[in-house]
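Just the heavy atoms: all of them, side chains too, but no hydrogens, waters or symmetry mates, feed the values below. Keep in mind that this is a model prediction, so the values were computed, not measured.
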2 protein chains.
Amino acid sequence: MKLRAVDIGKTTSAASIIFDSLRQAIIEGELNDGDPLRQDEIATLFNTSRIPVREALTRLEQQGLVESRRYRGSVVAGLSAEEAAEIFDFRSLLEGEVIAASVPKMTSASLLEARQHCQDFMDSDDPLEWGELNRRLHYALYRDSGLTYHLKVIDNALDRVERYLRAQLLMTDGLDLANREHLAILSACESGDAALAAERTRQHIQGAKHTLIDFLEKNKGQQSRI
Amino acid sequence: MKLRAVDIGKTTSAASIIFDSLRQAIIEGELNDGDPLRQDEIATLFNTSRIPVREALTRLEQQGLVESRRYRGSVVAGLSAEEAAEIFDFRSLLEGEVIAASVPKMTSASLLEARQHCQDFMDSDDPLEWGELNRRLHYALYRDSGLTYHLKVIDNALDRVERYLRAQLLMTDGLDLANREHLAILSACESGDAALAAERTRQHIQGAKHTLIDFLEKNKGQQSRI
DNA sequence: ATTACCAAGATTGGATCCAATATTCAATAT
DNA sequence: ATATTGAATATTGGATCCAATCTTGGTAAT
């Protein structure tokens with residue numbers, strides 16, 4: 001027997017489905033800071049009991065996307081300007097390191113894929129796509145480093161700030177600048193200059209941080225909808 | 001009435017108590033890589049139902065301390081030499097950055113506390129205490145940075161490798177070396193030299209990494225009990 | 001009017017029960 | 001003897017129910 005079995009249905013638990021949906025809704029900004037997440041409401045929404053909802057919520061809490069208080073329920077976790085700034089610094093440090101480790105190992109396939117994602121990013125005009133496209137691009141640039149732990153942590157950090165990143169891209173020239181920077185990072189990778197790629201990656205993220213902080217300063221207290 | 005009620009018992013959920021206990025048992029090496037964690041067994045151990053056990057397990061899974069497979073249960077997550085090495089690199093990068101940010105802001109109280117923990121560490125001869133003492137020392141050195149996100153991530157990374165760290169300290173001169181390095185880091189902090197403190201911190205962690213890798217190479221396949 | 005208090009409803013945490021899947025092991029066929 | 005099958009058991013995932021706590025709204029005392 002040479003065939004390999006492939007499960008058709010029931011491959012994922014209800015908890016995982018709910019987790020993925022909630023995570024997406026949060027990082028896309030469909031749910032806002034402080035929005036309550038009632039177990040019962042979500043359960044009826046997914047036609048399940050509250051049990052898998054609770055599992056999804058504890059996972060999200062561990063990832064810092066929701067905050068729960070005993071007997072008081074869960075809300076979408078907010079992010080102060082200071083926290084956001086810290087996470088951008090964090091990403092800057094880590095992603096610089098990871099891309100530097102990646103460049104010497106990068107295959108032409110990865111470079112090709114990165115270029116494609118770069119193009120996709122420029123072609124897209126749907127803000128909700130940007131997050132996913134950005135992730136794919138970065139993943140193509142980073143994965144050959146083989147630093148799986150680093151990548152997981154970076155991914156988690158990105159989850160926390162993706163909403164704010166979108167706000168930054170929506171600003172005047174935000175998207176153009178991001179595209180130019182992506183191309184610059186890519187070309188540094190293609191020429192095999194690890195240090196340059198790292199530096200440009202750090203600058204890219206630091207730039208995003210500062211534009212975002214300016215944005216938050218201007219709209220201070222206005223509880224801006226993104 | 002001016003007093004604020006403070007619950008004596010019941011302040012923490014059953015899930016949290018179970019989570020803390022399991023986490024401690026794992027990072028102390030009381031439970032070993034691959035050991036199965038049966039929901040029923042743990043539930044009877046804590047005189048609860050399986051519900052809070054499941055919450056504890058999903059939290060631990062999110063932190064990478066256990067691995068769960070659908071319908072197959074959870075086991076204590078193992079760590080290959082490569083993964084361990086990567087996490088040490090990760091810590092080296094982050095902790096260097098954090099201590100550098102901390103030094104210029106460090107209060108004399110923190111320095112004093114750090115020196116005390118350093119002393120405690122030297123006085124202790126109980127391997128099971130080392131983890132906690134090490135954490136306290138590092139926390140005293142890092143906290144004034146105010147980089148709470150970084151600190152949380154570092155703490156999590158430490159959870160993953162603490163067992164292996166103990167193995168490294170138990171080696172000949174391992175403890176003496178660690179103590180000397182701690183003192184060197186502390187003195188760099190006291191003299192306000194952020195760059196030096198960062199460099200020594202990175203070296204401290206890199207050193208630990210290499211001793212550990214040598215150790216794992218030597219005992220390859222012997223499934224060593226720590 | 002303001003504050004303290006108490007009861008009713010809402011919501012979460014945990015227990016118990018049932019369903020779905022995996023594992024074990026004896027029985028059978030080769 | 002070895003491999004295969006299938007029933008019995010073990011274990012997890014999810015549903016339902018109960019208990020503990022919070023929240024809200026109204027009432028009474030000052």
Side-chain angles (χ1 to χ4, degrees), chain A residues 1-23 26 31 34-77, chain B residues 1-23 25-26 31-32 34-77:
Chain A
M1 176 69 102
K2 297 272 166 52
L3 284 179
R4 198 178 181 81
V6 176
D7 275 300
I8 301 300
K10 296 279 193 59
T11 48
T12 51
S13 65
S16 291
I17 293 173
I18 297 173
F19 169 78
D20 289 339
S21 299
L22 287 179
R23 172 180 166 276
I26 292 172
L31 292 168
D35 278 1
L37 300 168
R38 302 267 166 242
Q39 296 176 6
D40 231 336
E41 192 179 338
I42 298 168
T44 48
L45 205 60
F46 286 88
N47 275 312
T48 67
S49 77
R50 281 163 43 220
I51 297 287
V53 176
R54 278 152 71 169
E55 182 179 329
L57 287 175
T58 64
R59 283 203 228 174
L60 290 165
E61 188 186 9
Q62 285 300 309
Q63 306 219 345
L65 291 179
V66 319
E67 284 167 7
S68 302
R69 291 167 60 194
R70 190 163 154 79
Y71 290 119
R72 293 189 188 194
S74 309
V75 298
V76 176
Chain B
M1 176 71 101
K2 298 272 166 53
L3 283 180
R4 196 178 181 80
V6 176
D7 276 300
I8 299 298
K10 296 284 191 58
T11 48
T12 51
S13 65
S16 291
I17 294 173
I18 298 173
F19 170 77
D20 288 339
S21 298
L22 288 179
R23 172 180 167 276
I26 292 172
L31 292 167
N32 283 104
D35 278 1
L37 300 169
R38 302 269 165 239
Q39 296 177 7
D40 230 338
E41 191 179 338
I42 298 169
T44 50
L45 204 61
F46 286 88
N47 275 311
T48 67
S49 75
R50 283 164 41 221
I51 297 286
V53 176
R54 279 152 71 170
E55 182 179 330
L57 288 175
T58 63
R59 283 202 228 174
L60 291 166
E61 187 185 10
Q62 286 300 309
Q63 306 219 344
L65 291 178
V66 320
E67 284 167 7
S68 301
R69 290 167 59 194
R70 191 164 152 79
Y71 290 120
R72 294 191 187 193
S74 309
V75 298
V76 177

Kindly indicate whether the side chain of [X], heavy atoms from C-beta on, has any atom under 4.5 Å from the side chain of [Y].
| X | Y | value |
| --- | --- | --- |
| B/Leu22 | B/Leu57 | yes |
| B/Val75 | B/Asp35 | no |
| B/Arg54 | A/Glu55 | no |

List in chain and number order the residues that pass side-chain hydrogen bond (donor to acceptor under 3.5 Å, both in side chains) with [X], two or more places apart in sequence or in another chain; answer none if no residue qualifies.
| X | answer |
| --- | --- |
| B/Ser16 | B/Ser13, B/Arg59 |
| A/Glu67 | none |
| B/Ser68 | B/Ser74 |

Using whole Å, report how far [atom1] of [X] lies from [atom2] of [N].
| X | N | atom1 | atom2 | result |
| --- | --- | --- | --- | --- |
| A/Ile17 | D/dG13 | CD1 | C1' | 13 Å |
| A/Ile42 | C/dT11 | CD1 | P | 12 Å |
| A/Gln39 | C/dG13 | CD | C1' | 8 Å |
| A/Arg70 | D/dA20 | CZ | P | 12 Å |
| B/Glu55 | C/dG13 | CD | P | 7 Å |
| B/Arg69 | C/dT21 | CZ | C1' | 13 Å |

What's the separation between atom CZ in A/Arg38 and atom CG in A/Asp40, rounded to the nearest 0.5 Å?
10.0 Å
Should A/Arg72 be listed as having a side-chain N or O under 4.0 Å from OP1 or OP2 of C/dT11?
no
Which nucleotide in C/dG14, C/dT12, D/dT12 has an atom nearest any side-chain atom of B/Tyr71
D/dT12
Give every pair of a protein N or O atom and an N or O atom of nucleotides 7-10 of chain C that lie under 3.5 Å apart, one pair per line with the distance.
none

Heavy-atom pair of closest approach, residues A/Ala14 and A/Pro52
CB-CB, 4.0 Å
Taking only nitrogen or oxygen atoms into account, show me every contact under 3.5 Å that the protein makes with nucleotides 15-17 of chain D, one pair per line with its distance.
| residue | atom | partner | partner atom | Å |
| --- | --- | --- | --- | --- |
| D/dA15 | OP2 | A/Ser49 | N | 2.6 |
| D/dA15 | OP2 | A/Ser49 | OG | 2.6 |

Partner residues of A/Arg50 under the salt bridge (Lys or Arg N to Asp or Glu O under 4.0 Å) criterion, sequence neighbours left out
none
